[in-house]
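The structure appears below as structure tokens.
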Amino acid sequence: MKIASWNVNSLKVRLPHLQQWLADAAPDVVALQETKLEDSKFPVDEIAALGYRSVYSGQKTYNGVAILARGEITEVVTDIPGLDDPQRRILAGTVGGVRVVNLYVVNGKAVGDEKYAYKLDWLARVRDFLAEEIVRYPKLVVLGDFNICPDDRDVYDPVAWGEDILCSPPERAGLAAITALGLADSFRLFEAEAGHFSWWDYRQAAFRRNMGLRIDLILISDALKSLATSSVIDRTPRTWERPSDHTPVALELAL
DNA sequence: ATGGTCGAATGTCGA
């Protein structure tokens, strides 16, 4: 089973890339972020034509998450229980016995900004939700755009970046509180080296210069760790014409 | 030193 995550930065603009990538990479499940589409405008038919079912929780202009899968997607959840949040940033579903939780974590703008406070609170709420999910669903995958670099290996210039947004200690602590539930950063099960990124700014020719960050993560529970056979970043779509600023990441499970 | 690029929208914000 191949499970992927991709922040498409507008599904309307990126639909051709998604169609191409589904055909090339043939994932069983894909979590999308920043679809920026109202549910009534989700391209269900175009995606069905490629053999995928869709569930989605969208909003106009901002945010929006979706899960596409070859199999049936059940037990869908679109909100953190108890959190009244109009921003569409979380979507959970069960596919082939695996619980998939798709996250579009708050960016936060800058350390100290009110959006930063919202980010830290949102992360804490997600942690509490996942603490319940992992009990109910031992085979748990939590993936998406985390908007946090796990450590300095995930930053092109960690000295220059310092403790700014996406790398501040409270953000990393928020992520650590989630991994401490028993959720491993699957990419690091296979690759220890620095310099592997999933996002590059559109400005300053950042992709060409590999000035990127690894902020798109696939976390897996202990029950799935022994089944993981690879976890990679697929840079190819970032080389295409008019790309998303993020490129897909993908996990292979022996399931 | 400061702004640089996209997307959605058509001002300007969010990333």
Side-chain angles (χ1 to χ4, degrees), chain A residues 5-21 30-43 46-47 56-66 85-91 102-123 126 143-150 154-168 170-172 174-175 197-217 233-249:
Chain A
S5 175
W6 193 4
N7 179 324
V8 292
N9 187 16
S10 171
L11 183 52
K12 182 180 177 183
V13 172
R14 229 64 65 194
L15 183 59
H17 282 199
L18 177 65
Q19 290 168 315
Q20 184 67 53
W21 191 74
V30 192
L32 303 178
Q33 304 86 35
E34 285 205 83
T35 56
K36 300 185 180 178
L37 284 179
E38 291 174 280
D39 288 349
S40 63
K41 296 187 174 169
F42 198 88
E46 291 88 335
I47 287 167
Y56 35 89
S57 179
Q59 78 185 78
K60 190 164 69 172
T61 310
Y62 306 114
N63 311 311
V65 283
D85 186 356
Q87 300 195 22
R88 303 292 80 200
R89 297 183 172 277
I90 185 166
L91 184 63
N102 177 14
L103 303 180
Y104 175 45
V105 175
V106 179
N107 174 285
K109 190 170 181 177
V111 175
D113 192 276
E114 63 181 25
K115 293 189 176 73
Y116 179 75
Y118 166 54
K119 179 178 196 172
L120 297 180
D121 180 60
W122 196 87
L123 279 170
V126 167
L143 76 176
D145 177 359
F146 280 73
N147 269 318
I148 300 171
C149 302
D154 305 310
V155 185
Y156 70 92
D157 186 344
V159 174
W161 201 282
E163 296 184 348
D164 283 353
I165 194 70
L166 313 185
C167 293
S168 73
E171 290 168 87
R172 285 178 167 169
L175 175 60
F197 308 129
S198 65
W199 171 87
W200 300 263
D201 199 295
Y202 284 122
R203 295 167 286 190
Q204 298 180 299
F207 180 64
R208 182 178 58 73
R209 301 157 73 190
N210 199 30
M211 296 168 63
L213 305 174
R214 192 175 68 91
I215 54 179
D216 298 273
L217 310 178
I233 300 168
D234 182 356
R235 295 166 55 103
T236 307
R238 191 64 174 78
T239 70
W240 293 342
E241 186 94 13
R242 205 179 180 191
S244 170
D245 45 354
H246 297 252
T247 211
V249 296

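Just the heavy atoms: all of them, side chains too, but no hydrogens, waters or symmetry mates, feed the values below. Order of the sequence lines sets the chain letters (A, B, ...), proteins ahead of strands, with each chain counted from 1.
Between A:Asp201 and A:Val106, it is A:Asp201 whose nearest contact on DNA chain B lies nearer the 5' terminus. A residue-by-residue look at A:Lys60 and A:Asn63 shows that A:Lys60 has its nearest nucleotide of DNA chain B further toward the 5' end.
Regarding A:Gln59, its CD atom lies at a distance of 18 Å from the P atom of B:dC13, rounded to whole Å. Atom CD1 in A:Ile148 sits roughly 15 Å away from atom C1' in B:dA15 (whole-Å rounding). If you take CG of A:Leu213 and C1' of B:dA15, they are 12 Å apart, rounded to a whole angstrom. Separating the CG atom of A:Asn9 from the C1' atom of B:dA15 is a distance of 8 Å, rounded to the nearest angstrom. Rounded to whole Å, the distance from CD on A:Glu114 to C1' on B:dG14 is 13 Å. Rounded to an integer number of Å, the gap from A:Glu241 CD to B:dT5 P is 16 Å. A straight line from CD1 of A:Ile165 to P of B:dG14 spans 14 Å, rounded to a whole angstrom. Atom CD1 of A:Ile215 and atom C1' of B:dG14 are 14 Å apart (whole Å).
Aromatic ring pairs are classed by plane angle as parallel below 30°, tilted from 30° to 60° and perpendicular above 60°; the pair A:His17 and A:Trp6 is parallel. A:Tyr156 and A:Trp161 have perpendicular rings, their planes meeting at more than 60° on a 0 to 90° scale where under 30° would count as parallel.
Checked by atom type and distance alone, the side chain of A:Arg235 never pairs as donor or acceptor with a backbone atom of A:Thr247 at under 3.5 Å.
Between the side chains of A:Ser10 and A:Glu34, no donor-acceptor pair of N or O atoms lies under 3.5 Å. Counting only N and O atoms by type, the side chains of A:Tyr118 and A:Asn107 include no donor and acceptor under 3.5 Å apart.
At the phosphate of B:dG7, OP1 or OP2 sits under 4.0 Å from a side-chain N or O atom of A:Arg14. For A:Arg242 and B:dT5, the shortest distance from a side-chain N or O to OP1 or OP2 is not below 4.0 Å. Within the structure, a side-chain polar atom (N or O) of A:Thr61 is placed less than 4.0 Å from OP1 or OP2 of B:dA9.
Each of B:dA15, B:dG3, B:dA8 was ranked by its minimum atom distance to the side chain of A:Lys115; first place goes to B:dA15. Taking every side-chain heavy atom of A:Ser10 into account, B:dA8 is the closest of B:dG3, B:dA8, B:dA15. Closest approach to the A:Tyr202 side chain among B:dA8, B:dG3, B:dT5 is made by B:dT5 (side chain taken as heavy atoms from C-beta onward). Picking from B:dA8, B:dG4, B:dG14 the nucleotide with the shortest atom distance to the side chain of A:Lys12 gives B:dA8.
A side chain to side chain donor-acceptor pair (under 3.5 Å) with A:Asn7 is found for exactly one of A:Asp216, A:Asp245, A:Asn147, A:Asp145, namely A:Asp145.
Only the C1' atoms considered, B:dA9 is 12 Å distant from B:dG14, to the nearest whole Å. For the C1' atoms, the distance from B:dG11 to B:dA1 is 27 Å, rounded to whole Å. Rounded to a whole angstrom, the distance from the P atom of B:dT12 to that of B:dT2 is 23 Å. For the C1' atoms, the distance from B:dT10 to B:dC6 is 15 Å, rounded to whole Å.
Counting any heavy atom pair closer than 4.0 Å across all strands shown, A:Tyr104 reaches sugar-phosphate atoms only and no base atom.
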